[in-house]
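Shown next, in structure tokens, is the structure this report addresses.
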Amino acid sequence: MKKIATWNVNSLRVRLPQLLEWLGREQPDVLALQETKIEDAKFPVAELTAAGYRAVFSGQKAYNGVAILSRIEADNALTDPVGFDDPQRRILAATVGNLRVVNLYVPNGGEVGSDKYAYKLNWLLKIRDWLREELERHPQLVVLGDFNIAPEDRDVYDPDGWREKILCSTPERMAFRALLDLGLADAIRCFDQPGPCYTWWDYRMNGFRRNLGLRIDHILVSPSLRATCLACWVDVTLRGLERPSDHAPVVAEFGCD
DNA sequence: ATGGTGGAGATTCCA
């Protein structure tokens, strides 16, 4: 049995106590983190080592930042695929055992039609081309993280209110679909779910209490990994704590090593 | 069109 998860922590420094508690409780084999907002020199290596986790990370001050935590040591870490000439720390790939892990913090995109929106769509186009190569190199591939895209209307609490808005616009959804078209499966949709599986709720307007959520964090799996996937779910427990991240973790379980 | 909240770090940007 193997457990793999993703969580946008929105500041690793602030969320470290919650993270350590969750690691002890859930004991994932691999956890991808986004929006760590911490420089590499300040990454809390000692605290995570004490909790039984190795880490590879690519961070910067104040914004962005990604990390992969794992029980066994990761290798072949990569942060800047060919064609990405970008100071924003949003990409981290690493090999954990027989598994290739690609952790993504997809740009938010600001508003539809803005410069940030164009950056997001161009970024997703380049990611697709790179993932096609990663998939050829690594049959056992998981691509997970904060995609900042709600793939379908059922992933949005108010689909008509969000129609063609950021996170939901047709070009963004097409870009997400293009990733699935590489042969990747949206793990949570491989299983029956009791509800809508939101992963993000705005801090404002009591969004979580009213369940005004969107499903924008995802775990995508290659065909051979899909064959061993047993379950996938959202863990909403952390979102209800004091001083929460605005995102909840997504977790997937796999049958064989 | 705006504001509502939160994090970081500097008196504002980003989500």
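By convention in this document, chain letters (A, B, ...) are assigned in the order of the sequence lines, proteins followed by strands, and residues within each chain are numbered from 1.
Distance NZ (A:Lys120) to C1' (B:dA15): 11 Å, rounded to an integer number of Å. Between A:Ile166 atom CD1 and B:dC14 atom P there is a gap of 14 Å when expressed in whole angstrom units. Computed from coordinates, the A:Arg89 CZ to B:dC14 P distance equals 17 Å when rounded to whole Å. Atom CG of A:Asn206 and atom P of B:dG4 are 14 Å apart (whole Å). Atom P of nucleotide B:dT2 and atom CD of A:Glu111 are separated by 10 Å, given to the nearest angstrom. Going from atom CG of A:Asn148 over to atom C1' of B:dA15 covers 8 Å, rounded to whole Å.
Taking atom P on both B:dT2 and B:dT11, the two are 23 Å apart, rounded to the nearest angstrom. The gap from the P atom of B:dT12 to that of B:dG3 amounts to 15 Å, rounded to the nearest Å. Separation of the P atoms belonging to B:dT5 and B:dG9 is 22 Å when rounded to the nearest angstrom. For the C1' atoms, the distance from B:dC14 to B:dG4 is 16 Å, rounded to whole Å.
Using bins of under 30°, 30° to 60° and over 60° for the plane-to-plane angle, the ring pair A:Tyr198/A:Tyr157 lands in the perpendicular bin. Note on ring orientation: taking the six-membered ring where Trp is involved, the planes of A:Phe147 and A:Phe176 are perpendicular (angle over 60°, cut-offs 30° and 60°).
Within 6.0 Å of CD in A:Glu111 there are 12 or fewer heavy atoms belonging to other residues, nucleotides or ligands.
Within 4.0 Å of A:Phe208, counting heavy atoms only, lies no atom of the nucleic acid at all. Using a 4.0 Å heavy-atom criterion, one finds that A:Arg90 contacts the sugar-phosphate atoms exclusively.
Between A:Val106 and the options A:Glu172, A:His218, A:Lys120, A:Gln34, a side chain to side chain contact (heavy atoms under 4.5 Å, CB included) holds for only A:Lys120.
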One character per nucleotide, please: for nucleotides 5-13 of chain B, 5' to 3', B when the base has a protein heavy atom closer than 4.0 Å, S when only the sugar-phosphate does, - otherwise. BSSSS---B
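A salt bridge links A:Arg173 with A:Asp153: the distance from a Lys NZ or Arg NE/NH1/NH2 to an Asp or Glu carboxylate oxygen falls below 4.0 Å.
A cation-pi arrangement is present between A:Arg226 and A:Phe191, with the terminal nitrogen or guanidinium carbon under 6.0 Å from the aromatic centre and inside a 45° cone about the axis.
Sorted by first and then second residue, the ring pair (Phe, Tyr, Trp, His ring centres under 6.0 Å) pairs involving residues 47-74 of chain A (not counting sequence neighbours) are A:Phe43-A:Phe57.
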